[in-house]
2 protein chains.
Amino acid sequence: MEKRKKRRRNVTAAAASGAPATRRRPAAVSIRDVAERARVSIATVSRAVNGIATVNPELARRVWQAIEEVGYLPNTQARALVSGRSRMLGLIVSEITNPFFPELVQEFENLAVAQGYEVLIGSTSYETLRTESLIRRMLQRNVDGVAVMTFGIEEDLIQKLVEREFPLVFVDAGPDLPNIRVLKVDYAEGIRQGVQHLAALGHRHIAFITGPLRLRSAVARRDAFRKSMAELGLVVPADHLVEGTHTMEGGIVAMEKLSQLDPVPTAVMCSNDVTAIGVLHALYRTTHEVPADISVVGFDDIHLAQFMLPPLTTVQMSCKDLAAAAVEALRAGIEADHPKAARKEWSIPTRLVVRQSSTFPRGSLPALAGTARRGGAKNF
Amino acid sequence: MEKRKKRRRNVTAAAASGAPATRRRPAAVSIRDVAERARVSIATVSRAVNGIATVNPELARRVWQAIEEVGYLPNTQARALVSGRSRMLGLIVSEITNPFFPELVQEFENLAVAQGYEVLIGSTSYETLRTESLIRRMLQRNVDGVAVMTFGIEEDLIQKLVEREFPLVFVDAGPDLPNIRVLKVDYAEGIRQGVQHLAALGHRHIAFITGPLRLRSAVARRDAFRKSMAELGLVVPADHLVEGTHTMEGGIVAMEKLSQLDPVPTAVMCSNDVTAIGVLHALYRTTHEVPADISVVGFDDIHLAQFMLPPLTTVQMSCKDLAAAAVEALRAGIEADHPKAARKEWSIPTRLVVRQSSTFPRGSLPALAGTARRGGAKNF
DNA sequence: ATGAAAGCGCTAACAC
DNA sequence: GTGTTAGCGCTTTCAT
């Protein structure tokens, strides 16, 4: 009785037809090798590997031993092909080089891997073409679900994912459909805390550098700022609202605009920390002291924020929370029996972290002037 | 004649056996749907999609039209299964949150995608367990090759990849085997330029903060520093060589040690930019001025370096070069007919970028003292 | 409880 | 030049 009668395994086309485009590696150990060695059928190996309870313990032992001996690793592609599930999660970010995202990616990856998923990452770089290709790739790789963590995306781009009913997770806002879940960031609270902090220190002329306003989240942050100011009876003149790009370069340009104003605002809030870093840089170039001349407040609390000079006061939006919610929401969409399968919204808290880039406006408290250079608000 | 006679497509197991663990999406469009619609065989569709020249143009047109109409995307898993190639490249980094790596990842991804590959990223976080799981995952996902960009790794960890003859790329050093290629970074040149720059400014007491010395690359950088100093007849006392961790925290701790010395070194070179950022922070906390009191030089030239206060003088090792070489070397290992298939080494240049964190040692040129605060070496 | 066999979507050998 | 078909490695019936 010839086993393997139908297999052409190891008989590469290359052997017959001249130079192959690809150098072939030795064929990996497959389920058949394990089955042969353990003297069971491939079905039994499959059942043992997948922990099906009905397998005879003695056979299971033989299978595991054989697996050990031949160094078998199940081929994920084959599994995916037959099961219809790839156990891959797509993660779409704007730009991996924006320091906020690596932290998110890291957390997301840790959680996903711990739960048996692989992560396919892609960055849009805010380019439509790239985003389209990204989504096509995710479709072709057959990811089980996609987290769109770009804080805003052109909706027709993700149309294909929506059509094919992929479980999707968005930040802030997304279409209201059964497979779509949303992480709602509480911008209002964090930004209110920031504004109140500055107002309490005595600032009245507070400027805000927004993100790119085609992003919903950037609009949401700006609106939260306006609202928080209004609550305190403070008006925001149009020239105190400058559009940035969520990059350091954007922060520099925006701050240069703000320094033309008369009077120059005594405090600047930024739509994200990277912008704030640009602002610090611009102020350094123009020999303004932070926080003595101008207080700066960021948003995100990236790891780097605490190492800035001076360490940056900022509104924290925890990547850990965001990543955990994203993975949980995706699984809720993927696994029909997930405990939170019915949930459509996850809320993400924010809070102010006071460091040394914010203090009293210059001259408001002469007695403390001496502490301004390094003192900041830490004693406040 | 019933087509599709053997297919159980769309008849999910779930329909028969109660609650499924997984919610199934509607079956994706497959090659058969295209074939039916274009009234050709699946083989013809496959040939058309893969651009085989012998296909009748009229049929090809029908195929492409059908593809358009039904929205067909080839299933990558099936392709990988039958072809033995996944068109995925593994990319192993140390920590994605270290700002050097996102830039590398971005470049690598751009290049890989442009050349038709997907990227599977993983970070070791310097943990053996994580690294093992990472490598197992890469094996299971059947990547076509792996770039190990960690600047040093425990060699027994990658043993499994070596055994199975995966094309591999290392930085600096790796086993001399047919499937292994190495990117040689020219530490000597960049670091020599850095040392000569500082020496030319008048520094004699130059300290060096190394990376974690279990990393080959960290050792290589330190040795390059020693050698460059020796070339100038400068001795490096043992206490001028402090081990860091390639993190900001490590830079802070190391700088604190250096400030205990008497006399304190007038210049500090760092094994990477992140360490240098930590150093700037430590000096800020102890009210030392950079560069007036102490000059600081980094290594890597991460994007952030130019935005530091003051902008960081550093040795550039271009991620673009590194990523391009890595992708090219990987393809050379994967594709037998690649023009550079025989090449085993790629060399990566480095060069000094002078910004404002380095200047004359205090007091050495009194006439210039007034420019020290902001002047740095830019006029030099 | 176990094995034989169908078949996931695709490529490539082979026949015409 | 085109169609038919085996089979990539695996899971899951179905029959025993």
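Chain identifiers are assigned alphabetically (A, B, ...) following the order of the sequence lines, protein sequences preceding nucleic acid strands; residue numbering begins at 1 within each chain.
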A.B. asks: Which of residues 133-142 of chain B sit near DNA chain C, with a heavy atom under 4.0 Å from it?
C.D. replies: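 None, since no heavy atom is under 4.0 Å.
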A.B. asks: Give the nucleotide from the list dC10(C), dT4(D), dT11(D) with an atom nearest to the side chain of Ser41(B).
C.D. replies: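 Closest nucleotide to the Ser41(B) side chain: dT4(D).
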A.B. asks: Could you tell me how far apart Leu81(B) (CG) and dA6(D) (P) are, to the nearest whole angstrom?
C.D. replies: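 To the nearest whole Å, that distance equals 17 Å.
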A.B. asks: Measure across Ala48(A) and Val63(A) and return the closest heavy-atom pair with its distance rounded to 0.1 Å.
C.D. replies: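 Closest heavy-atom pair between Ala48(A) and Val63(A): CB-CG1, 3.8 Å.
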A.B. asks: What is the minimum heavy-atom distance between Asp144(B) and Arg85(B), and which atoms define it?
C.D. replies: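 For Asp144(B) versus Arg85(B), the nearest heavy atoms are OD1-CA, 3.5 Å.
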A.B. asks: Please report, rounded to the nearest Å, how far the C1' atom of dG9(C) is from the CG atom of Asn75(B).
C.D. replies: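 After rounding, the gap between these two atoms is 6 Å.
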A.B. asks: What integer distance in Å separates Gln77(A):CD from dT11(C):C1'?
C.D. replies: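 Answer to the nearest Å: 14 Å.
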A.B. asks: Sequence neighbours excluded, which residues qualify as salt bridge (charged side-chain N to carboxylate O under 4.0 Å, His left out) partners of Glu118(B)?
C.D. replies: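 Partners of Glu118(B) under the salt bridge (charged side-chain N to carboxylate O under 4.0 Å, His left out) test: Arg137(A), Arg141(A).
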A.B. asks: Quick one: which residue pairs count as a salt bridge (charged side-chain N to carboxylate O under 4.0 Å, His left out) with a foot in residues 51-64 of chain A, not counting sequence neighbours?
C.D. replies: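 Every pair satisfying salt bridge (charged side-chain N to carboxylate O under 4.0 Å, His left out) with a residue in residues 51-64 of chain A: Glu58(A)-Arg61(A).
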A.B. asks: List in chain and number order the residues that pass salt bridge (charged side-chain N to carboxylate O under 4.0 Å, His left out) with Arg79(A), two or more places apart in sequence or in another chain; answer none if no residue qualifies.
C.D. replies: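 Result, salt bridge (charged side-chain N to carboxylate O under 4.0 Å, His left out) vs Arg79(A): none returned.
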A.B. asks: Just to verify, what does Glu69(B) make a salt bridge (charged side-chain N to carboxylate O under 4.0 Å, His left out) with, not counting sequence neighbours?
C.D. replies: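 With sequence neighbours excluded, Glu69(B) shows a salt bridge (charged side-chain N to carboxylate O under 4.0 Å, His left out) to Arg37(B), given in chain and number order.
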A.B. asks: Is a side-chain donor or acceptor of Arg130(B) paired with a backbone partner of Ser123(B) at a separation under 3.5 angstrom?
C.D. replies: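 Yes: the side chain of Arg130(B) pairs with the backbone of Ser123(B).
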A.B. asks: Which residues, if any, of residues 50-70 of chain B bring a heavy atom under 4.0 Å of DNA chain D?
C.D. replies: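 Output list: Thr54(B), Val55(B), Asn56(B), Leu59(B).
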A.B. asks: Defining pairs by Watson-Crick or G-U wobble geometry with both distances under 3.5 Å, how would you list the stems of DNA chain D with at least three pairs each?
C.D. replies: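 Result, WC/G-U stems under 3.5 Å: C:1-16 with D:1-16.
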A.B. asks: Could you state the atom-to-atom distance from CD of Glu36(A) to C1' of dC10(D) in whole Å?
C.D. replies: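 For the pair Glu36(A) CD and dC10(D) C1', the rounded distance is 16 Å.
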A.B. asks: Between residues 42-49 of chain A and DNA chain D, which residues have a heavy-atom gap below 4.0 Å?
C.D. replies: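 By residue number: Ile42(A), Ala43(A), Ser46(A), Arg47(A).
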A.B. asks: Tell me, please, which residues at least two apart from Thr44(A) pass side chain to side chain donor-acceptor pair (under 3.5 Å).
C.D. replies: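 Partners of Thr44(A) under the side chain to side chain donor-acceptor pair (under 3.5 Å) test: Ser41(A).
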A.B. asks: Of all the choices, dG3(C), dC10(D), dT11(C), which nucleotide is nearest to the side chain of Val82(B) once you look at every atom?
C.D. replies: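 Nearest to the side-chain atoms of Val82(B), counting from C-beta on, is dT11(C).
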A.B. asks: Any side-chain N or O of Arg79(A) less than 4.0 Å from the OP1 or OP2 oxygen of dT11(D)?
C.D. replies: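 Answer yes for this pair, as a side-chain N or O of Arg79(A) is under 4.0 Å from OP1 or OP2.
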A.B. asks: Can you tell me the distance, in whole Å, between the CG atom of Leu73(B) and the P atom of dG9(C)?
C.D. replies: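 Those two atoms, CG and P, are 14 Å apart.
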A.B. asks: Where is the tightest heavy-atom contact between Glu109(B) and Gly122(A), given as atom of each residue plus distance?
C.D. replies: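 Scanning both residues completely, I find the closest heavy atoms to be OE2-CA, 3.9 Å.
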A.B. asks: For Arg343(A), which residues count as a salt bridge (charged side-chain N to carboxylate O under 4.0 Å, His left out) partner, sequence neighbours excluded?
C.D. replies: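 Salt bridge (charged side-chain N to carboxylate O under 4.0 Å, His left out) check on Arg343(A) returns nothing, list empty.
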A.B. asks: Looking only at heavy atoms, which two atoms of Met138(B) and Leu120(B) are closest? And how far apart?
C.D. replies: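 In this case the closest contact between Met138(B) and Leu120(B) is CE-O, 3.3 Å.
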A.B. asks: With salt bridge (charged side-chain N to carboxylate O under 4.0 Å, His left out) as the rule and sequence neighbours excluded, what pairs involving residues 153-163 of chain A come up?
C.D. replies: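 Found Glu155(A)-Arg216(A).
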A.B. asks: Tell me every residue that passes side chain to side chain donor-acceptor pair (under 3.5 Å) with Glu95(A), counting only those two or more places apart in sequence or in another chain.
C.D. replies: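 Counting only residues at least two positions away or on another chain, Glu95(A) forms no side chain to side chain donor-acceptor pair (under 3.5 Å).
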